[in-house]
There are 2 protein chains.
Amino acid sequence: MYRPSIKEVAKKAGVSISTVSRVLNNSAPVSESLRKKVETAVKELGYLPSNIAKSLRKGKTKTIGFILPDITNPFFANIVRGAEDYLRRKGYALILCNSDQDKEQEIQLLETLISKHIDGLLFTGTGSFNSLLVEKIKKGLKVVFLDRIIEGINSSYVVIDNMKGMNLLLDFLVKSGHRNFVFINGNKETFSAKIRYEAFIEKMKKENLKYKHYFTNFSYEAGYKFARKMKIMPDVIVCGNDLIAYGVIDAIEEMGYKVPDDVSVTGFDDIPFSKHFKPPLTTVRQPMYKMGEKAAELLLKIIEENKFLNKGMVLEPELIIRNSTKEMVK
Amino acid sequence: MYRPSIKEVAKKAGVSISTVSRVLNNSAPVSESLRKKVETAVKELGYLPSNIAKSLRKGKTKTIGFILPDITNPFFANIVRGAEDYLRRKGYALILCNSDQDKEQEIQLLETLISKHIDGLLFTGTGSFNSLLVEKIKKGLKVVFLDRIIEGINSSYVVIDNMKGMNLLLDFLVKSGHRNFVFINGNKETFSAKIRYEAFIEKMKKENLKYKHYFTNFSYEAGYKFARKMKIMPDVIVCGNDLIAYGVIDAIEEMGYKVPDDVSVTGFDDIPFSKHFKPPLTTVRQPMYKMGEKAAELLLKIIEENKFLNKGMVLEPELIIRNSTKEMVK
DNA sequence: CTGTTAGCGCCTTCAT
DNA sequence: ATGAAGGCGCTAACAG
């Protein structure tokens, strides 16, 4: 694509390139007459400054990378939307990368993004140790972890209080009479799955309840497949996220059970569809949009104020009670 | 973030920067001994080349912009996934921009992207005329339109055969005995809404059916709100997309109607959730992932072969018959 | 095979 | 208030 450069604007306007730069950036006083000339030249040529030249010069690209598992998952789509909206308002662009939670892929993507000279990174990856990432953070790469924290890395993050979310849910379930639990959790390596696992076990033991726990992964298919193989139904099936819950519900209804009459089922996340699901899902809401927004805000603060704001932000989950759970008769 | 440059690699390896460049890019023969030296220096410094310098030099950024209404809509999320997967394989990155179908926003985003020197653009915008875009295309901006075509612009595009999709659906509906239609369509300005409107009207007249048609917009809320105000039910409510259909179904069920017993309802798109919706949605499938993939492929072909491949690609829709429609008793 | 150098487009001193 | 020139990191043409 043909792109006029500042030089051509200068020639057309009959001034030096420094003058053009000055009116473009308002970085120094320019006489009214020259300013006018420059402005018309800019307009006539349809000139748009090259940010890549600018970036090379200034060492900043005004672009942020976002590595996440899969944009197709509404949970992430909503987070991304929150982040992108904020970044756009602040003049930053967002490079989107799907990693499918694949470690190799993550490393690959990270290298690409660094080569592209991103000013900062939003990262929702596997929870496991990533030495390249650690190395780059040590060298000053600005990162905000979203929804998960990588162990052994001291960096900023935005998460919800998973422990609290789980407890809110479990307390409600216990109070409404559920005594026999199955927890179909997401990916074992994932930060949030681990925390929820711990919260779950703790509560089960404390209340002396009957339970089973399984790691699968955070998808509809995982829930469906797992549930199809279940022989007997507990009082409630607690799911690692809403997608798993959808799969579980579809499966057990196919098997002839009614939700919630025969089994209660709960989700986690409260993605937008969950309130329209039949039955509407009892779940724990994560403020997805806000998580993306806050993470972006935090990242820009770290970038622009250039401080080591190693600040974790913990947002509040909210228990959403709908109709996939019931009051158990004692 | 600290980034070693090629110069430092050269110094550390005790060679010239050209030699470093040559081994990095394998662009010319280098003796084994020097190559080794360079490779170790690269590793020790954790050197990653600066694509922005490379871009400035070569005039290519290996990045593609994607302007779309809203990533939160699963229809677009799946398209984006298809595009990003393909682009990543080919070494390109994707800058994601949500426009909310806002004309001003689109222009703003386009300018940003051009300033960022994108090699090409994937565009799913309003259907209306956008003079900035036209101007840039004339100057050689490579664009592939996705899901919609802008009138008055002769450019490449990937769409589905909306006419055919609509006819497939309507034929099925007519054959199964529906005689009285309401079409709750999406945004009036949108290419696909227009085409589907035309197909609908044509069929209604040809078959001499009773019908009403309304433009709203492509969202759950639009469908819900509209349906809540309906006084009498037709045989079938044809919806502009699946989201509208969800809203319609929720609304009319609240009003005491049964789907499909009292009214059939159909969607368009077949987003992944539609097969789990209760009742599972009869709809027209658009191959979303493939649309994204093909559009990316086409765009790269245009970019890399640098030809004026003004090629439209029309993908096939598929009628998906599920349980939100019924066989009417005559 | 290897090194030197111009220049991509821009901002920013430094003169004037 | 304005212009000239260096340099950001890199590639490619040129010289050796």
Inset, instruction - Could you pull out all residues at least two apart from Ser50(A) that satisfy side-chain hydrogen bond (donor to acceptor under 3.5 Å, both in side chains)? - result: none

Legend entry - Separation of dG9(D) C1' from Lys116(A) NZ (nearest whole Å): 15 Å

Legend entry - Lys7(A) NZ - dA5(D) C1' separation (whole Å): 13 Å

Inset, instruction - Starting from C1' on dC10(D), measure out to CG on Leu56(B) and report it in whole angstrom. - result: 8 Å

Inset, instruction - Identify, with sequence neighbours excluded, every residue that meets ring pair (Phe, Tyr, Trp, His ring centres under 6.0 Å) alongside Phe123(A). - result: Phe145(A)

Inset, instruction - Please state how far atom CD1 in Ile6(A) lies from atom P in dG9(C), giving the value in whole angstrom units. - result: 11 Å

Legend entry - Listed partners of Glu135(B) passing side-chain contact (heavy atoms from CB on, under 4.5 Å), at least two apart: Leu132(B), Lys139(B)

Legend entry - Proximity to the side chain of Pro29(A) - top-ranked nucleotide from dC10(C), dA1(D), dC10(D): dA1(D)

Legend entry - Within residues 37-67 of chain A or reaching into it, pairs that qualify as ring pair (Phe, Tyr, Trp, His ring centres under 6.0 Å) - sequence neighbours excluded: none

Inset, instruction - State which residues pass side-chain hydrogen bond (donor to acceptor under 3.5 Å, both in side chains) with Asn25(A); sequence neighbours excluded, sorted by chain then number. - result: Ser21(A)

Inset, instruction - For residues Glu84(A) and Asn98(B), report the shortest heavy-atom separation together with the two atoms involved. - result: OE1-ND2, 2.9 Å

Legend entry - Gap between atoms NZ and P, on Lys60(B) and dG9(D) respectively (whole Å): 24 Å

Compile the donor-acceptor pairs under 3.5 Å between side chains in residues 106-114 of chain B and protein atoms, sequence neighbours left out, one pair per line.
{"from": "Glu106(B)", "atom 1": "OE2", "to": "Thr126(B)", "atom 2": "N", "distance (Å)": "2.9"}
{"from": "Thr112(B)", "atom 1": "OG1", "to": "Gln108(B)", "atom 2": "O", "distance (Å)": "3.0"}

Inset, instruction - Please list, chain by chain and in numerical order, all residues satisfying side-chain contact (heavy atoms from CB on, under 4.5 Å) with Lys90(A), sequence neighbours excluded. - result: Tyr86(A), Tyr92(A), Leu300(A)

Inset, instruction - Using heavy atoms and a sub-4.0 Å distance, could you list which residues of residues 9-27 of chain A are near DNA chain D? By number, please. - result: Val15(A), Ser16(A), Ser18(A), Thr19(A), Arg22(A)

Legend entry - Rounded interatomic separation in angstrom, taking CD from Glu8(A) and C1' from dC8(C): 13 Å

Legend entry - Leu146(B): which of Leu122(B), Ile67(B), Leu68(B) passes side chain to side chain contact (heavy atoms under 4.5 Å, CB included): Leu122(B)

Legend entry - Integer-rounded Å distance: dC8(D) P and Asn51(B) CG: 19 Å

Inset, instruction - Round to the nearest Å and state the distance from Ile52(B) atom CD1 to dG9(D) atom C1'. - result: 8 Å

Legend entry - First of Val30(B) and Lys54(A) reached from the 5' end of DNA chain C, by closest nucleotide: Val30(B)

Inset, instruction - Check DNA chain C against residues 31-43 of chain B and give the residues with a non-hydrogen atom under 4.0 Å, in numerical order. - result: Ser31(B), Leu34(B)

